[in-house]
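Below is one structure, written out as structure tokens; the observations come after it.
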Amino acid sequence: MPSLGFLKKIRSKDSQGSPSDFKPGSPTTAKDKDKFGSPISPVLSKTSNFFPEPDAHSNLPSAPTASSDHDMTGAGTHLVGQSAAANTQQVPSIRNMVNGPEYPSNGQHDSAYAAATNNNNNTNLPQINAPAAAKATREVRETKGKYTLPDFTISRTLGTGSFGRVHLVQSKHNQRFYAVKVLKKAQVVRMKQVEHTNDERRMLQRCRHPFLITLWGTWQDSKNLYMVMDFIEGGELFSLLRKSQRFPNPVAKFYAAEVTLALDYLHSVNIIYRDLKPENLLLDRHGHLKITDFGFAKEVPDITWTLCGTPDYLAPEVVSNKGYNKSVDWWSLGILIFEMLAGFTPFWDSGSPLKIYENILKGRVKYPPYIHPDAQDLLSKLITADLTKRLGNLHGGSKDVMQHQWFAEVTWERLAKKDIDAPYVPPVKGGQGDASLFDKYAEETEPYGATGEDQFGKLFPDF
Ligand SMILES: Nc1ncnc2c1ncn2[C@@H]1O[C@H](COP(=O)(O)OP(=O)(O)OP(=O)(O)O)[C@@H](O)[C@H]1O
């Protein structure tokens, strides 16, 4: 049993959806259903468009087939079929992108992945060729973006974390909005997170995928580290989930499917994410997910031992300090799906991490009766301590998860191209630095851009 001192993160904010509403065995009440009304309901009619081939065995509303050339991002269609090499040529250096008028659209972020996963197979699962994906990633991300504070106008805090905060910023060169994560070096060192922080930068630099945040570059001054990312305008899935209390089955399925594709990609390039939770899932302006916060991501071809993560989401092999592998992300996916469907995490226990650990090790999950049987079947196969039985960790890898009955109507290739409408479109004014969907935070009082002696500079050579 780990002591709290080992842990990087305790779940903060208003933390946990309370399980108090759930009385095992009691049916879902009409009142429960009403709770779904806000803020998902205005677009709930769109749930029927998520997955155009409805599963005959599911209770989803039957769906009109979305037109095959429909692309709600306005970006995806022209990408399909581009070669990774062609795409590489189109992506200018980061410095040029900030300075120049031809800043790439989000669509270009997607195209290396699209090219790497493009195939003519009959199956609707993207056939990801890991070495090709990794190569495409490397080719696209060889630029080494270096910025300075005067490149940006810093505005409000979008979110805070264990070591720093994330600001909305505007580039003075192209007037576009970005998010800059600011980490205090002293705090990173004090909390023994130097390696994780360097890993975060390296992993983000390497990754390129439609559902992963894009890192454009970094810099440092004598006190802080800075990471420039896309500003993802729709806020955290966490906020949407708390407001909605819990998601209807198809809504949870949509988000779970996008996360599954992102995990499939990360694992294909030997990266474990290790911090899956709704706080780290942001919604873009069209309602698609972006995974942020790679503070725990690690390149591991095989097994690792570090104890990190957020209590509710830790797999038993992590809690009991055994070596672990990519399977921990599949466990966390199970916890995420459970939380989306139930509104609380399965091992939650009066907010006490130690009790949560005990519950994780006991491994008993009570499924609320309103969870769809197919979802429950998938959850029982993900939230299983036995690594020889955990879905995602078996011979079929992530394909076993993607081919599970709960995901039967998901057309994975279209989903990977963002060619399926999201269930909820955040009410934001795109491209205008609209941060209205983010919680408000007290602002930093110490000015950025400190000069003078840099005690820790050598520890962060890549920033
Ligand atoms: N690219 C982004 N666009 C918009 N908001 C963002 C972005 N990246 C992060 N945020 C916001 O900032 C919050 C904190 O970011 P992040 O999780 O990366 O910080 P952290 O210090 O690593 O936090 P933690 O303690 O959870 O690890 C996020 O939950 C999110 O609300």
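Each ligand, and each atom within it, is numbered from 1 in the order the structure gives. Counting begins at 1 with the first residue of the sequence.
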Passing option when His196 is tested against Glu200, Gln193, Lys192 for side-chain hydrogen bond (donor to acceptor under 3.5 Å, both in side chains): Gln193
Side chain or backbone of Phe438 under 4.0 Å from ligand 1, or both, or neither, by non-hydrogen atoms? side chain
Atom CD of Glu195: over 12 foreign heavy atoms under 6.0 Å: no
Heavy-atom proximity to atom 16 (P) of ligand 1 ranks first, among Gln187, Glu200, Lys181, for Lys181
Counting from 1 in the order shown, the ligand 1 atoms closer than 4.0 Å to a non-hydrogen atom of Gly159 are 12 (O), 13 (C)
Should you measure from each heavy atom of Glu279, which atoms of ligand 1 turn up under 4.0 Å away? 29 (O)
With heavy-atom distances below 4.0 Å as the criterion, list the atoms of ligand 1 near Leu282. 2 (C), 3 (N), 4 (C), 5 (N), 6 (C), 7 (C), 8 (N), 30 (C)
Output the list of atoms in ligand 1 that are nearer than 4.0 Å to some heavy atom of Gly161, sorted by atom number. 20 (P), 21 (O), 23 (O), 24 (P), 25 (O)
Relative to each other, are the rings of His209 and Tyr265 parallel, tilted or perpendicular (30° and 60° limits)? tilted
Which one holds for Lys290 and ligand 1: side chain close, backbone close, both close, or neither close, with close meaning a heavy atom under 4.0 Å? neither
Atom indices of ligand 1 within 4.0 angstrom of Ala179 heavy atoms, with elements: 1 (N), 2 (C), 3 (N)
Taking only Lys NZ, Arg NE, NH1 and NH2, and the carboxylate oxygens of Asp or Glu, determine whether Glu258 and Lys290 approach each other closer than 4.0 Å. no
The atoms of ligand 1 lying under 4.0 Å from a heavy atom of Glu236, numbered in the order shown, are 28 (C), 29 (O), 30 (C), 31 (O)
Record the part of Asn280 in heavy-atom contact with ligand 1 below 4.0 Å; permitted values are side chain, backbone, both and neither. side chain
Is there a side-chain contact between Phe438 and Val166 in this structure, where contact means two heavy atoms from C-beta onward sitting under 4.5 Å apart? no
More than 12 heavy atoms from other groups under 6.0 Å of CD on Glu443: yes
With side chains defined as the heavy atoms from C-beta onward, is the minimum distance between Thr345 and Phe338 less than 4.5 Å? no
Relative to each other, are the rings of Tyr226 and Tyr448 parallel, tilted or perpendicular (30° and 60° limits)? perpendicular
Suppose I only count heavy atoms of Ser162 and a 4.0 Å limit; which atoms of ligand 1 are within that range? 21 (O), 23 (O), 24 (P), 25 (O)
List the steps and the verdict of side-chain contact (heavy atoms from CB on, under 4.5 Å) for Leu212 and Phe294. CA-CA 10 Å; Leu212 300 179; Phe294 273 54; 3.8 Å; yes
With heavy atoms only and a cut-off of under 4.0 Å, state how Thr292 meets ligand 1: side chain, backbone, both or neither. side chain
Is there a polar contact, in the sense of an N or O pair closer than 3.5 Å, between Ile232 and ligand 1? yes
Numbered atoms of ligand 1 (with element) below 4.0 Å of Phe231, judged on heavy atoms: 3 (N), 4 (C)
Ligand 1 contact on Met229 by region, counting heavy-atom pairs under 4.0 Å: side chain
Looking at Arg242 and Glu339, does any basic side-chain N land under 4.0 Å from a carboxylate oxygen? yes
